[in-house]
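Only a predicted model underlies this, so the values are computations on that prediction, with no experimental measurement involved. Only this structure's heavy atoms are used, side chains among them; waters, hydrogens and symmetry mates stay out.
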Amino acid sequence: EEWPMHPWPELTRRIELDNRGLEPPEPWLRILTALKHLGDGEYILAHNDREPMFLYPRLDEMGYVYRAELQEDGSCLIAIRKPHGGETRP
(Lines give C-alpha, C1' and ligand atoms only; values in the text may rest on other atoms or scores of the structure.)
Protein backbone atom coordinates (compact mmCIF):
# COMPACT_ATOMS: atom_id res chain seq x y z
CA GLU A 1 0.00 0.00 0.00
CA GLU A 2 1.35 3.42 -0.97
CA TRP A 3 0.79 6.16 1.56
CA PRO A 4 0.25 9.40 -0.37
CA MET A 5 2.06 11.79 1.94
CA HIS A 6 5.54 13.10 1.12
CA PRO A 7 5.90 16.38 3.05
CA TRP A 8 9.69 16.62 2.91
CA PRO A 9 11.09 15.37 -0.42
CA GLU A 10 14.60 16.43 0.63
CA LEU A 11 14.68 13.73 3.30
CA THR A 12 16.08 10.50 1.91
CA ARG A 13 14.53 7.84 4.11
CA ARG A 14 11.01 7.30 5.40
CA ILE A 15 10.20 4.96 8.28
CA GLU A 16 6.62 3.75 7.95
CA LEU A 17 4.60 2.68 10.98
CA ASP A 18 1.21 1.12 10.34
CA ASN A 19 -0.53 1.65 13.66
CA ARG A 20 -4.03 0.87 12.43
CA GLY A 21 -5.88 -1.68 14.51
CA LEU A 22 -3.75 -1.07 17.61
CA GLU A 23 -5.33 -0.01 20.89
CA PRO A 24 -4.13 3.12 22.69
CA PRO A 25 -1.50 3.80 23.88
CA GLU A 26 0.33 1.38 21.54
CA PRO A 27 0.41 3.70 18.46
CA TRP A 28 1.78 6.54 20.61
CA LEU A 29 4.42 4.29 22.16
CA ARG A 30 5.50 2.92 18.75
CA ILE A 31 5.96 6.46 17.44
CA LEU A 32 7.95 7.61 20.49
CA THR A 33 10.18 4.53 20.26
CA ALA A 34 10.85 5.13 16.56
CA LEU A 35 11.74 8.77 17.29
CA LYS A 36 14.57 7.61 19.56
CA HIS A 37 16.19 5.94 16.54
CA LEU A 38 15.44 8.65 13.96
CA GLY A 39 18.57 9.60 12.05
CA ASP A 40 19.51 12.62 10.01
CA GLY A 41 17.74 12.67 6.66
CA GLU A 42 14.93 10.44 7.98
CA TYR A 43 11.33 11.00 8.93
CA ILE A 44 8.55 8.86 10.33
CA LEU A 45 5.24 8.40 8.56
CA ALA A 46 2.65 6.78 10.80
CA HIS A 47 -0.83 5.68 9.78
CA ASN A 48 -3.19 5.73 12.75
CA ASP A 49 -6.88 4.86 13.12
CA ARG A 50 -7.52 8.37 14.42
CA GLU A 51 -5.76 11.70 14.80
CA PRO A 52 -3.21 11.43 17.65
CA MET A 53 -4.33 14.54 19.54
CA PHE A 54 -2.50 13.61 22.75
CA LEU A 55 0.76 13.09 20.85
CA TYR A 56 0.97 16.65 19.49
CA PRO A 57 1.85 18.37 22.80
CA ARG A 58 4.55 15.75 23.44
CA LEU A 59 6.05 16.29 19.98
CA ASP A 60 6.01 20.05 20.59
CA GLU A 61 7.80 19.58 23.93
CA MET A 62 10.43 17.40 22.25
CA GLY A 63 10.95 19.92 19.44
CA TYR A 64 9.87 17.73 16.50
CA VAL A 65 8.23 19.09 13.35
CA TYR A 66 5.13 17.27 12.16
CA ARG A 67 2.39 17.35 9.56
CA ALA A 68 -0.89 15.47 9.86
CA GLU A 69 -3.48 14.68 7.20
CA LEU A 70 -6.89 13.25 7.98
CA GLN A 71 -7.91 10.59 5.47
CA GLU A 72 -11.37 10.02 3.97
CA ASP A 73 -11.85 6.89 6.09
CA GLY A 74 -11.25 8.85 9.32
CA SER A 75 -7.70 7.58 9.79
CA CYS A 76 -4.74 9.94 10.03
CA LEU A 77 -1.31 10.05 8.44
CA ILE A 78 1.27 11.89 10.52
CA ALA A 79 4.79 12.67 9.34
CA ILE A 80 7.40 13.58 11.98
CA ARG A 81 11.00 14.75 11.65
CA LYS A 82 13.72 16.57 13.50
CA PRO A 83 13.69 20.36 13.08
CA HIS A 84 16.15 22.18 10.84
CA GLY A 85 17.84 25.00 12.75
CA GLY A 86 15.22 27.23 14.38
CA GLU A 87 12.29 25.79 12.44
CA THR A 88 9.06 25.12 14.27
CA ARG A 89 5.75 23.59 13.30
CA PRO A 90 3.53 25.95 11.26
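Residues passing the side-chain contact (heavy atoms from CB on, under 4.5 Å) test with Leu70, sequence neighbours excluded: Glu51, Cys76. Checked against salt bridge (Lys or Arg N to Asp or Glu O under 4.0 Å), Glu23 has no partners two or more places apart in sequence or in another chain. For Ser75, the side-chain hydrogen bond (donor to acceptor under 3.5 Å, both in side chains) test picks out His47, Asp73, with sequence neighbours left out. Among residues two or more places apart in sequence or in another chain, the side-chain hydrogen bond (donor to acceptor under 3.5 Å, both in side chains) test is passed with Glu42 by Arg13. Considering only residues two or more places apart in sequence or on other chains, Arg50 meets the side-chain contact (heavy atoms from CB on, under 4.5 Å) condition with Pro24.
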Review item, side-chain donor-acceptor pairs of residues 30-38, under 3.5 Å, at least two apart:
unit_1, atom_1, unit_2, atom_2, d
Arg30, NH1, Asp18, O, 3.1
Arg30, NH1, Asn19, OD1, 2.7
Thr33, OG1, Leu29, O, 2.9

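When the shell of 6.0 Å around CD of Glu72 is examined, it contains 12 or fewer heavy atoms from other residues, nucleotides or ligands.
Within the 4.5 Å cutoff, side-chain heavy atoms of Tyr64 are placed close to those of Lys82. For the pair Tyr66/Ile44, no side-chain contact is recorded, criterion being any heavy-atom separation below 4.5 Å from C-beta on. Looking at Tyr56 and Ile78, their side chains come closer than 4.5 Å, going by heavy atoms from C-beta outward.
Each of Leu17, Asn48, Asp49, Leu55 was compared with Pro27 under the side chain to side chain contact (heavy atoms under 4.5 Å, CB included) criterion, and only Asn48 meets it.
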Legend entry - Derivation of the salt bridge (charged side-chain N to carboxylate O under 4.0 Å, His left out) call for Arg14 and Glu16: CA-CA 6 Å; Arg14 176 166 85 180; Glu16 294 182 352; 2.6 Å; yes
